[in-house]
Amino acid sequence: NAGVMQNPRHLVRRRGQEARLRCSPMKGHSHVYWYRQLPEEGLKFMVYLQKENIIDESGMPKERFSAEFPKEGPSILRIQQVVRGDSAAYFCASSYRGELFFGEGSRLTVL
Amino acid sequence: QQQVKQSPQSLIVQKGGISIINCAYENTAFDYFPWYQQFPGKGPALLIAIRPDVSEKKEGRFTISFNKSAKQFSLHIMDSQPGDSATYFCAASRANAGNNRKLIWGLGTSLAVNP
């Protein structure tokens, strides 16, 4: 049973470009979380999604960030017009019975 | 405002020793307290978790002690090994509608176990 799959593992963007991060949850899991981790810090909740629904986006910045989890395909975290402060590791997790299982993360570097 | 406070920030232990990491929380509505282990370049991996109806939970060399009245919980790693060298995070959450597990994380403890 494959774990949570994230891609790309590393992404470099210039300021003003768009970043798209993808996450496929574990088989049988229908809940996806996105977290952001800055260097030397813990993870910060961004958004919680079920298939075709955003359940809780209280941690998402109001502008430039969006997330979706379509009926078919992976969950996508989209960051428009990236700035240097967006440089971080973005982790996706899927849940089963309340326990979260994390992917290996996508590391975004904004030049 | 840090809702989950973790200490120490870093810890060095000799092989075979006991590693102890502490966390304190503020929100009495929290009902789930996991510990995660993270190696460099990897995602966090769930180690062990506890709910407030028990005061201790043990899995192998890892033990969580929970003090509800003090709003504190700690991770003990017995017989620490060099392979345990990693960053450890405590977290807390409360069950919301739709089974949302929005974890609130501590800032992490970097553990180094010397051979």
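Lettering of chains follows the sequences in order, A, B, ..., and the numbering in each one begins at 1. This is a predicted model, so every value here is computed, not measured. FYI, side chains are in, hydrogens and waters are out, and symmetry mates aren't considered; it's all heavy atoms of this structure.
Remark: B:Q81 CD is packed, more than 12 non-hydrogen atoms of other residues, nucleotides or ligands lying under 6.0 Å away. Open room surrounds NZ on B:K68; 12 or fewer heavy atoms of other groups in view lie less than 6.0 Å from it.
Per-residue heavy-atom pair counts under 4.5 Å with chain A were compared for B:A91, B:S110, B:P44, and the maximum is reached by B:P44.
For an aromatic pair to be called close, the ring centres must be under 6.0 Å apart, and B:Y36 with B:W105 satisfies this.
Residues of residues 82-89 of chain A lying under 4.5 angstrom from chain B, judged on non-hydrogen atoms, do not exist. Heavy-atom proximity under 4.5 angstrom to chain B picks out A:L100, A:F102, A:G103, A:E104, A:R107 from residues 100-111 of chain A.
Salt bridge B:K57/B:E59: present, at least one basic N to carboxylate O contact under 4.0 Å. Salt-bridge check for A:E18 with A:R78: passed, with a basic side-chain N closer than 4.0 Å to an acidic carboxylate O.
Between A:H31 and A:Y48, the two ring planes are tilted [angle within 30° to 60°].
The part of B:L46 that comes within reach of chain A is its side chain, from C-beta onward, which places non-hydrogen atoms under 4.5 angstrom from that chain. Neither the backbone nor the side chain of B:Q9 comes within contact range of chain A, judged by heavy atoms closer than 4.5 Å. When heavy atoms are compared at a cutoff of 4.5 Å, A:Q37 approaches chain B solely by way of its side chain, counted from C-beta outward.
Legend: ring-ring contact (aromatic ring centres under 6.0 Å, His included) pairs involving residues 58-86 of chain A, not counting sequence neighbours: none detected.
Judged by distance alone, the side chains of B:N67 and B:S69 do bring a donor and an acceptor atom under 3.5 Å apart.
Of the candidates A:I76, A:L11, A:N7, A:L11 is the only one forming a side chain to side chain contact (heavy atoms under 4.5 Å, CB included) with A:L21.
For B:F33, the ring-ring contact (aromatic ring centres under 6.0 Å, His included) test picks out B:Y25, B:F66, B:F73, with sequence neighbours left out.
The closest donor-acceptor contact from the side chain of B:R61 to the backbone of B:I77 lies at 3.5 Å or more, if one exists at all.
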